[in-house]
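The structure appears below as structure tokens.
Naming convention: chains lettered A, B, ... in sequence-line order (proteins, then strands); numbering from 1 in each chain.
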Protein chains: 2
Amino acid sequence: MTKLVDAKTQASWFSRVREAHQSETAEDYVELIADLIAVQQEARLSDIAQRLGVRHASASKVLARLAAEGYVESLPYRSIFLTEKGAALAARCKARHKIVLEFLIRLGVSPETAEYDAEGIEHHISAETLAIFKRFRG
Amino acid sequence: MTKLVDAKTQASWFSRVREAHQSETAEDYVELIADLIAVQQEARLSDIAQRLGVRHASASKVLARLAAEGYVESLPYRSIFLTEKGAALAARCKARHKIVLEFLIRLGVSPETAEYDAEGIEHHISAETLAIFKRFRG
DNA sequence: TATAATTTTTAGCCTAGGCTAAAATTTTAG
DNA sequence: CTAAAATTTTAGCCTAGGCTAAAAATTATA
């Protein structure tokens with residue numbers, strides 16, 4: 001290391017990562033809700049919380065925020081539905097998740113590890129890199 | 001999507017990602033401090049804040065936590081130093097960052113995009129995947 | 001159908017890490 | 001050497017998202 005990148009440029013990288021963090025929760029929730037609906041016909045709070053590894057109360061609070069932001073809707077004590085906006089976000093996330101996961105597996109990462117890694121990195125992949133992941137063949 | 005992975009397994013992925021998030025700030029700070037010391041002989045709060053894209057007050061608060069956790073040390077109004085623990089963490093992060101960055105570039109991602117992507121994903125790469133990134137040749 | 005079990009919500013607490021504004025200190029210039 | 005500028009710290013506010021405990025509602029069972 002003999003020189004540093006321009007400070008503003010570096011700051012923009014960190015700022016973008018912080019922004020991505022703010023969308024991550026919403027993305028994880030809607031993607032999971034879409035999967036639960038697809039497979040189990042409904043998304044219950046208790047399933048969501050269990051699969052995210054958090055307490056019901058925490059999931060309930062986040063869902064209240066997502067409802068306020070127009071991603072999900074539900075009646076009290078009833079299961080959770082995605083709005084059009086939420087479903088669109090879920091579809092984008094699911095597609096991206098699949099690209100990352102399959103890329104890692106083609107690269108030779110074991111499926112279990114690939115699942116964990118994909119979960120962490122999917123929110124931080126630029127469109128350019130995603131396109132390269134997509135067309136990569138072992 | 002016709003079936004879902006085991007709930008506990010999925011929960012463990014999300015939990016690990018949340019744990020990684022908790023280390024991210026410390027990792028970003030010590031890595032940057034190490035770079036600043038290497039290139040400019042010292043790491044000043046104002047440079048750290050500027051390069052992270054946050055206000056001085058925010059950086060100051062985080063540095064107080066990192067000092068309490070034994071990663072950095074400093075005298076009031078003076079520049080910041082890494083402890084042995086902090087320097088070791090910085091070295092690990094720097095090595096990992098380099099592997100991720102160079103992997104992305106070899107894969108064909110443009111250097112600028114690679115920098116941003118590396119910043120976001122480096123904290124979420126398992127040892128297994130990192131090893132594969134390391135030996136990948138275009 | 002009453003009661004027990006389950007599920008969901010609410011209240012309240014905590015930490016991390018953003019922010020602004022202002023105080024304290026150090027550095028620089030006149 | 002003193003006044004202005006720059007830097008750092010402190011105080012206090014905010015949001016997100018964890019948590020526990022307890023209340024409320026729904027669902028299941030005896």
Side-chain angles (χ1 to χ4, degrees), chain A residues 7 11-33 36 40-81 119-120 123, chain B residues 7 11-33 36 40-81 119-120 123:
Chain A
S12 77
W13 299 337
F14 285 114
S15 298
R16 284 175 69 192
V17 173
R18 281 196 301 276
E19 281 165 30
H21 278 310
Q22 295 207 300
S23 329
E24 264 193 65
T25 304
E27 293 179 354
D28 286 338
Y29 274 71
V30 298
E31 196 178 340
L32 175 57
I33 291 166
L36 285 167
Q40 306 185 339
Q41 286 71 55
E42 64 172 0
R44 306 296 310 229
L45 171 70
S46 55
D47 291 327
I48 295 168
Q50 193 190 8
R51 287 186 173 273
L52 287 165
V54 300
R55 294 296 185 174
H56 300 157
S58 307
S60 187
K61 195 187 283 190
V62 171
L63 286 167
R65 173 174 75 81
L66 298 184
E69 292 174 357
Y71 292 106
V72 305
E73 46 194 7
S74 69
L75 296 171
Y77 296 95
R78 288 281 133 81
S79 66
I80 317 294
F81 298 91
E119 205 55 70
H123 308 282
Chain B
S12 77
W13 299 337
F14 285 115
S15 298
R16 285 174 68 192
V17 173
R18 281 196 300 274
E19 282 165 30
H21 279 311
Q22 295 207 301
S23 330
E24 264 191 65
T25 305
E27 293 180 353
D28 286 338
Y29 274 72
V30 297
E31 196 178 340
L32 175 57
I33 291 166
L36 285 167
Q40 305 185 339
Q41 286 72 54
E42 64 172 1
R44 306 295 313 229
L45 171 70
S46 55
D47 291 327
I48 295 169
Q50 192 190 9
R51 287 185 174 272
L52 287 164
V54 300
R55 293 297 185 174
H56 301 159
S58 307
S60 185
K61 195 187 284 192
V62 171
L63 286 168
R65 173 173 76 82
L66 298 184
E69 292 174 358
Y71 292 106
V72 305
E73 44 194 8
S74 69
L75 295 172
Y77 297 95
R78 286 282 133 79
S79 66
I80 316 294
F81 298 92
E119 203 54 70
H123 308 283

Note to self: How long is the straight-line distance from CZ of R51(B) back to CG of D28(B), given to the nearest 0.5 Å?
What the structure shows: 14.0 Å

Item checked: Upstream residue (5' side of DNA chain D) when L75(B) and R55(A) are each assigned their closest nucleotide -> L75(B)

Item checked: Protein proximity profile, nucleotides 24-29 of chain D - base contact B, sugar-phosphate-only contact S, no contact -, cut-off 4.0 Å on heavy atoms -> BSSS--

Next item on the list: Would you mind telling me which residue lines up with the more 5' stretch of DNA chain D, H56(A) or L45(B), judged by nearest nucleotide?
Entry: L45(B)

Pairs of donor and acceptor atoms involving the side chains of residues 11-19 of chain A, under 3.5 Å and at least two apart or interchain, shall be tabulated with distances.
residue : atom : partner : partner atom : Å
S12(A)  : OG   : T9(A)   : O            : 2.6
S15(A)  : OG   : A11(A)  : O            : 2.9
S15(A)  : OG   : R18(A)  : NH2          : 3.3
R18(A)  : NH1  : L52(B)  : O            : 2.9
R18(A)  : NH2  : L52(B)  : O            : 3.1
R18(A)  : NH2  : G53(B)  : O            : 2.9

Next item on the list: Find the distance between CG (D47(B)) and NE2 (H56(B)) and round it off to the nearest 0.5 Å.
Entry: 8.5 Å

Note to self: Going by salt bridge (Lys or Arg N to Asp or Glu O under 4.0 Å), name the residues that satisfy it together with E119(A), two or more places apart in sequence or in a different chain.
What the structure shows: none

Next item on the list: First locate atom OG of S58(A), then atom CD1 of I48(A), and finally report the distance between them rounded to the nearest 0.5 Å.
Entry: 13.0 Å

Item checked: Length of the CD-P vector between E42(B) and dT8(D), whole Å -> 9 Å

Notebook entry, point to check: Can you list the residues that meet the salt bridge (Lys or Arg N to Asp or Glu O under 4.0 Å) rule with R55(B), with sequence neighbours excluded?
Noted result: none

Notebook entry, point to check: To the nearest angstrom, how far is I80(A) atom CD1 from dT9(C) atom C1'?
Noted result: 11 Å

Margin query: Rounded to whole Å, please give me the gap between CD in E19(B) and C1' in dG18(D).
Written below: 13 Å

Check: Contact class for S60(B) vs. all strands (heavy atom < 4.0 Å): base, sugar-phosphate, or nothing?
Finding: base

Item checked: L45(A) CG to I33(A) CD1 distance, which is reported to the nearest 0.5 Å -> 9.5 Å

Next item on the list: Applying side chain to side chain contact (heavy atoms under 4.5 Å, CB included), name anything that partners S74(B), two or more places apart in sequence or on another chain.
Entry: I80(B)

Note to self: For nucleotides 12-17 of chain C, give me one character per nucleotide, 5' to 3': B if any protein heavy atom sits under 4.0 Å from the base, S if the only such contacts are to the sugar-phosphate, - if neither.
What the structure shows: BB--SB

